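A short worksheet on the structure shown next.
Only a predicted model underlies this, so the values are computations on that prediction, with no experimental measurement involved.
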Amino acid sequence: MRAPRSEPRSDHTRRYLLLVAVNLPYVLAQAALSVLVALYATRALGLPASAASLLFVVNTVIVSGCSTVVTAHLAPKAPPRAVATGYLVMAAGMGAFMLPALPSLAFTAWVALVTAITLFSVAEILLGPALSELSVSLTPDAAGGFTQGLYQFSWAIGMVAAPALFTLLLEAGPLLPWGAEALACLLAVAAAPALKTPDRHRRRNPH
């Protein structure tokens, strides 16, 4: 029996470029943790600087306490599903960050922020290992220098653009940066099912 036809190289490239695009909301979310959270808490919500420090501690505790289990047992086994789930959770976290900026919900600031950073942390645990796994397994050439360069490019461009982007959006309105990131996460959810890795367990000589 003949072996199944392999995908054209152009299809591999398109699929990897999709991964690069899907990775961008995660990169921006990572930048938001270091750039946007403190500005938002102090400038937009009027909270003390210690609020941002508390949120960073909550994030660190959740990620350090749970990431090993998720990395070992969940995310790498079904990366596209983990990516979709992670971005759904991330979008919910962005929505929670938005709540205290609404005048009628300003009193929820502390509860909303702790909820938001908890959701953010869970999403980070799901997305980090899954996206890393896809970056080296999505296509047959994924571990090569050129494709890895594309993946690293998404990190570079996201980290460079994030500070100016988030600052501009925050100045335009406290809801805008979180809303934009939530929309990007939802677009990534829609794209995640296309990030299917080749079946590396396919039998080479079926009988």
| message | Are Leu24 and Val22 connected into the same hydrophobic cluster when the rule is that any two of I, L, V, M, F, W, Y join if their side-chain heavy atoms are below 4.5 Å apart? | response | no
| note | When every non-hydrogen atom of Ala180 is compared with those of Leu169, the smallest separation belongs to CB-CD1, 4.1 Å
| Nearest-0.5 Å distance that lies between atom CG in Leu102 and atom OG1 in Thr108 | 8.0 Å
| Should Leu176 and Leu168 count as side-chain neighbours, where that means a heavy-atom distance under 4.5 Å? | no
| task | Give the cluster check for Val27 versus Val160: same hydrophobic cluster or not, with ILVMFWY residues linked at side-chain heavy-atom distances below 4.5 Å. | result | no
| field | Verify same cluster id: Val189, Leu17 (apolar side-chain graph, 4.5 Å) | value | yes
| Minimum heavy-atom distance between Trp178 and Val37, given as atom pair plus value | CH2-CG2, 4.1 Å
| query | What is the distance from atom CG of Leu170 to atom CG of Leu39, rounded to the nearest 0.5 Å? | reply | 6.5 Å
| query | Between Met94 and Trp110, is there a shared hydrophobic cluster once you connect ILVMFWY residues whose side-chain heavy atoms come closer than 4.5 Å? | reply | yes
| Mind checking whether Leu165 and Leu187 sit in one hydrophobic cluster, side chains of I, L, V, M, F, W, Y counted as touching below 4.5 Å? | no
| field | Contact check, side chains of Pro100 and Tyr40, non-hydrogen atoms, under 4.5 Å | value | yes
| query | Quick one: CD1 on Ile125 to CG on Asn59, what's the gap to the nearest 0.5 Å? | reply | 8.5 Å
| field | Nearest heavy atoms of Ala51 and Leu47, plus distance in Å | value | CB-CB, 4.0 Å
| note | Rounding to 0.5 Å, atoms CG (Leu150) and CG (Asn23) come to a distance of 11.5 Å
| request: Could you pull out the closest heavy-atom pair between Val114 and Thr118, with the gap in Å? | output: O-OG1, 2.8 Å
| By the rule that ILVMFWY residues connect when side-chain heavy atoms come within less than 4.5 angstrom, directly or transitively, which residues belong alongside Val61? | Val57
| field | Student check: side-chain heavy atoms of Leu45 and Leu113 closer than 4.5 Å | value | yes
| note | In terms of heavy-atom contacts, Val63 and Glu124 come closest through CG2-OE1, 3.6 Å
| query | Do Arg15 side-chain atoms and Lys196 backbone N/O form a donor-acceptor pair below 3.5 Å? | reply | yes
| message | Using 0.5 Å steps for rounding, measure from the CZ atom of Arg14 to the CG atom of Leu19. | response | 15.5 Å
| Greater than 12 external heavy atoms within 6.0 Å of Ile157's CD1 | no
| message | Determine whether a donor-acceptor pair (N or O, by modelled atom type, separation under 3.5 Å) exists between the side chain of Ser135 and the backbone of Ser132. | response | yes
| field | Any Tyr87 side-chain heavy atom under 4.5 Å of Leu126 side chain | value | no
| request: Locate the shortest heavy-atom distance separating Pro163 from Val35; write the atom from each residue and the value. | output: CA-CG1, 4.0 Å
| message | Counting C-beta onward and ignoring hydrogens, is there a side-chain heavy-atom pair between Leu33 and Phe56 closer than 4.5 Å? | response | yes
| query | Backbone N or O of Tyr151 within a donor-acceptor pair of the Ser154 side chain at under 3.5 Å? | reply | yes
| note | One should read off an interatomic distance between Trp155 CH2 and Leu28 CG, to the nearest 0.5 angstrom, of 10.0 Å
